[in-house]
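Take a look at the structure set out below.
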Amino acid sequence: MSEATTASVQVQKSPASARWVTSIRTPVLVWLVIALAVAIWISLSDMPAEILTYREDIIYLGGQHVELVAWSGGLAILTGVPIGALLSRPAFQRVSEALLQGFNVGATIPTLAILALSMTLLGIGTVPAVFGLWAATLLPIVRNTYAGLRAVPQHLIEAACGMGMTPAQMFWRVELPNALFVIFGGVRTALAICVGSAPLVFLIGAGGLGELIFTGIALDELPMMLAGAIPTALLAVVTDFTVGRLQYYLVPRGINPLR
Amino acid sequence: MIRLEHLTKVFNTPNGPVRAVDDVSLELPEGEICVLLGPSGCGKTTSMKMINRLIEPTSGKIYINGRDTDATDPIQLRRSIGYVIQQIGLFPNKTVADNICVVPDLLGWDRKKTRARAAELLELVGMDPAAFMGRYPKELSGGQQQRVGVIRALAADPPVMLMDEPFGAIDPINREVIQDEFLRMQQALRKTIIFVSHDLDEAVKMADKIAIFRSGRLEQFASPDRLLANPANSFVESFLGSDRALKRLRLVRVAEAMLTEFDALRGDDPHARGKVVLEESGLPFAIVVDENGRPTGCLAGNAEAGVDAKVGDLARPVRATISTDADLRLAVASMFAQDMPVLPCVDDGGRLKGILTYRSVVKSLASAEARE
Ligand SMILES: Nc1ncnc2c1ncn2[C@@H]1O[C@H](COP(=O)(O)OP(=O)(O)OP(=O)(O)O)[C@@H](O)[C@H]1O
Ligand SMILES: [Mg+2]
């Protein structure tokens, strides 16, 4: 009897610790390799010094860049989740599939084209840039929210209803939590698209790190281009990591395949 | 008390109207279990869901404790009715404790008290609260999930419960265990329960009343014993199966069927007396008891011995006894298994109270039939 209990305790513990090891070790290893490569490169060339001459530009344009991403990504989440949720309601069942098909077609338009269209509508500057990025970011969020909510098993909804939940309680206590993991997946994809496309907005006059990248390319100035490219890459990595962590911790363990 | 009056539900489908439930009337007294039984698609689930208004009846009335459910707000109504769905339906995003407390939380009850009650309920079904309160449904076995599903419906202590094949998704052995557990709880709780099943054995075991459905119509509504003894028509009869007499064995207690007028022998009785007793009873065996009245052996009619032999020397040990509280199914099973055509029936103290023979079993089934 006591043997059996200790065995079961061990069985419970080992996957938990294993999860920790894998979830920590992988990024750590990756970072170590990157750090090593960077260290070697720094010691071999004077490129870092040249890049650092753009320090002030990096800080100013980087700030602008983050602001653009934050606005468009934030707005996309704030609008995409409710739109997806609304489309998943039975009342919208008729139109939702058609609308989603429309969204899917929209997703095939390259971001650059969206930005161009946005510029023809709204002119140049921050507003059309945020609008264009928002439009490019929106779809994965809407699609995943819709799919996640529709995938909540019908019997859970029936159980909730049969136990006396109001429609609002059913949504907040059962449907949304059970769709959360999929929704987070959409947000993660969407923000990756957003961060990845953000340098393009320089082309419609909204600044950002794209300014260093495109100008660097145009002038054949490698350090200048890298001064834009490296922070952009870092931003993408950090954003994805952050959303990943949020997904890990915010989605309840019962429905989180990651833990 | 639950009363259905001329309840009818017609679904309008693209292929025309479907009468899922057709003019069903029945009345279930408080504290009883009614099992809705019938082939697939006969309208059991639909009937049940009309009680908590998950489906609105096309016509007819439902009264719970005299109150028309139409006059009750559906949300309030559902919170006052325990509901166990066929697929268990535990919320995977909530812990076991939160799952159990769904309805109490909806009712805004004190959190501390409801969690204490959740722990109590878990203990009632033999699950350690310390280990299970914080787990998620995916971390439970199928049987444990089913138990949690049932106690979740009990959490707000509703007077009425609806259970749609609550023990369906579980292997036969564990199903028996959970059924017994549930019957024990019901003995204390005395809920009025509508219970859907398609398993006749389960129905006979659990039900105070069985309602047999065929394509939306109520074919018979009666106690299990009455149903098995007197099927109302050929459909019910064929649904119950040709072995329905055997199924009734479970419904009769040994105490009701055993013979109480018989002579028991003592170990020091002379063999001659043993012979007389055997002859008078016409049975193949006579039971021998000790000074406390406990059966110690049985004397066979063919035992050959001298005139001064004692019964005690000739008796063979008893291979099986049965408690007077057991049901006839168990008794007959051990009569067959141990080849004991005369089975001693004993009370809690192991004292002989009566004997069971094949004839007495057959007779008691017949008299139960006559009682109806
Ligand atoms: N929403 C619905 N729309 C149309 N027809 C329905 C609907 N729900 C049930 N039915 C039909 O009503 C009949 C009764 O269905 P019900 O679910 O009550 O059967 P059941 O007795 O519970 O069967 P089972 O044992 O298979 O669960 C079936 O013929 C079914 O096809
Ligand atoms: Mg059913």
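Because only heavy atoms are used, hydrogens play no part in the values below, and waters and symmetry mates are left out as well, while side chains stay in. Lettering of chains follows the sequences in order, A, B, ..., and the numbering in each one begins at 1.
Side-chain atoms of B/Thr95 and A/Pro252, non-hydrogen and from C-beta on, never get closer than 4.5 Å to each other. Between A/Met165 and B/Arg79, the closest side-chain pair of non-hydrogen atoms is not below 4.5 Å.
The structure places CG of B/Leu90 at 8.5 Å from NE2 of A/His155, a figure rounded to the nearest 0.5 Å. Here the straight-line distance linking atom CG of A/Asn178 with atom CG of B/Asn93 works out to 4.0 Å at 0.5 Å rounding. For the atom pair CG of B/Asn52 and SG of A/Cys161, the computed distance is 8.0 Å after rounding to the nearest 0.5 Å. Atom CD of B/Glu139 is separated from atom CZ of A/Arg253 by 4.5 Å, given to the nearest 0.5 angstrom. Distance check, rounded to the nearest 0.5 Å: CZ of A/Arg173 to CG of B/Leu106 gives 5.0 Å. One finds the OH atom of B/Tyr136 at 9.5 Å from the CG atom of A/Asn256 (value rounded to the nearest 0.5 Å).
Heavy atoms closer than 4.5 Å to chain B are found in both the backbone and the side chain of A/Glu158. When heavy atoms are compared at a cutoff of 4.5 Å, B/Pro92 approaches chain A by way of both its backbone and its side chain. Of the two parts of B/Leu77, neither the backbone nor the side chain holds a non-hydrogen atom closer than 4.5 Å to a non-hydrogen atom of chain A. Heavy-atom distances place the side chain of B/Arg152, and not its backbone, under 4.5 Å from chain A. Contacts of B/Leu54 with chain A are made by side-chain atoms alone, with heavy-atom separations under 4.5 Å and no backbone atom involved.
Of all heavy-atom pairs between B/Phe91 and A/Leu156, the closest is CE2-O, 3.5 Å. Considering all non-hydrogen atoms of both residues, B/Gly89 and A/Ala159 come closest at O-CB, 3.9 Å.
By number of non-hydrogen pairs under 4.5 angstrom with chain A, the leading residue of B/Arg53, B/Lys49, B/Gln76 is B/Lys49. Chosen from A/Thr166, A/Ile157, A/Leu180, the residue pairing most often with chain B at heavy-atom distances under 4.5 Å is A/Thr166.
Counting heavy-atom neighbours within 6.0 Å of B/Lys138 NZ, excluding the residue itself, gives a total above 12. Annotation for B/Arg67: atom CZ does not count as buried by contact number, only 12 or fewer foreign heavy atoms lying within 6.0 Å. Atom CH2 of A/Trp71 has 12 or fewer heavy atoms from other residues, nucleotides or ligands within 6.0 Å.
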